[in-house]
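Following: one structure in structure tokens, then a few remarks.
Every number for a ligand or one of its atoms is a count from 1 in the order of the listing. These numbers were taken from a predicted model, which means no experiment stands behind them. Worth knowing before you read on, the calculation uses all heavy atoms, side chains too, and leaves out hydrogens, waters and symmetry mates.
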Amino acid sequence: MYGLGILKGLTVTMRNFFRKPFTVQYPEERVAQHPRFRGEEFTWYEERCTGCASCAKYCPLGIIKIVTHPGGEHVSEGQEYAIDVFDIDIGRCMFCGLCVEACPYDALFMGSGFEEGQYSRKDLVITKDRLIKADKKPSTWFRPQLESQQYNSQSESPVDWENAGREPWPYHMPVRPQSAEESLEQGEETK
Ligand code: SF4
Ligand code: SF4
């Protein structure tokens with residue numbers, strides 16, 4: 001009786017012994033990731049962000065913290081705030097991507113990484129400085145403009161802010177400081 005059970009068990013072992021394994025020897029080997037993979041750390045383009053906080057409002061977990069003040073370059077036109085704080089607590093993130101869907105300016109993208117082991121929970125808060133310094137290798141999730149270019153963050157170069165959006169957006173162009181004459185002319189026009 002016992003002998004038959006052992007024989008059956010060995011048959012399963014032998015059958016799988018010669019099969020190609022599904023697993024890989026991580027971290028030496030890695031499986032290919034899909035370009036739409038929703039990972040950390042988020043790709044954020046400061047140049048495209050108006051500080052509207054739509055992403056923070058749509059996050060069901062309330063883990064995006066944005067603090068702004070009316071001091072942005074285009075604030076006189078009501079277009080942009082200066083961003084003091086932009087924190088995402090990825091320790092609590094479920095990577096649903098609703099914040100990315102909610103961003104009307106293509107400023108926020110899901111990231112393509114997945115290795116974020118930290119000793120402390122507070123180190124899982126991705127700050128504005130960290131977002132600025134991060135490699136701009138966005139996931140193509142919810143971004144048809146990147147999908148149509150067949151962009152793959154695993155094999156291709158970073159995407160800069162000018163090429164990240166669905167359409168050219170003049171408010172995102174860097175502002176050239178106005179000369180005194182230009183300011184006067186503008187003042188005359190608005191009188
Ligand atoms: S992916 Fe989802 S849970 Fe994570 S910050 Fe965005 S909206 Fe919040
Ligand atoms: S990332 Fe997008 S949604 Fe969030 S504040 Fe900036 S522009 Fe608004």
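For a distance threshold of 2.8 Å, the protein N, O or S atoms nearer than that to atom 4 (Fe) of ligand 2, listed by chain and number, are C55 SG.
For Q25, the CD atom sits in a loose shell: 12 or fewer heavy atoms of surrounding residues, nucleotides or ligands are nearer than 6.0 Å.
Residue side and main chain included, C96 places no N/O/S atom under 2.8 Å of atom 4 (Fe) of ligand 1.
In summary, the atoms of ligand 1 found under 4.0 Å from a heavy atom of P60, numbered by their order in the structure, are 7 (S). Short contacts between ligand 1 and C59, defined as distances under 4.0 Å to a heavy atom of the residue, involve ligand atoms 3 (S), 5 (S), 7 (S), 8 (Fe). Atoms of ligand 1 lying under 4.0 Å from at least one heavy atom of G97, given by number and element, are 1 (S), 2 (Fe).
The salt bridge (Lys or Arg N to Asp or Glu O under 4.0 Å) search around E115 returns R30, not counting sequence neighbours. With sequence neighbours excluded, no residue forms a salt bridge (Lys or Arg N to Asp or Glu O under 4.0 Å) with E156.
A side-chain donor from one of D106 and Q145 sits under 3.5 Å from a side-chain acceptor of the other.
Nearest protein heavy-atom neighbour of atom 3 (S) of ligand 1: M94 N, 3.6 Å. The protein atom (non-hydrogen) at minimum distance from atom 4 (Fe) of ligand 1 is C93 SG, 2.3 Å.
Two rings, from Y45 and F109, have their centers less than 6.0 Å apart.
Under a cutoff of 6.0 Å and an axis angle of 45°, R48 and W161 do not form a cation-pi pair.
Residue I63 touches ligand 1 through its side chain alone, judged by heavy-atom distances below 4.0 Å.
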Tabulate below the donor-acceptor pairs under 3.5 Å that side-chain atoms of residues 84-102 make, not counting sequence neighbours, or state none.
residue : atom : partner : partner atom : Å
D84     : OD1  : H69     : ND1          : 2.9
D84     : OD2  : H69     : ND1          : 3.1
D89     : OD1  : G91     : N            : 3.2
R92     : NH2  : L61     : O            : 3.4

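Between L10 and I6 there is a side-chain heavy-atom pair separated by less than 4.5 Å.
Taking the charged nitrogens against the carboxylate oxygens, K136 and E41 have no contact shorter than 4.0 Å, which rules out a salt bridge.
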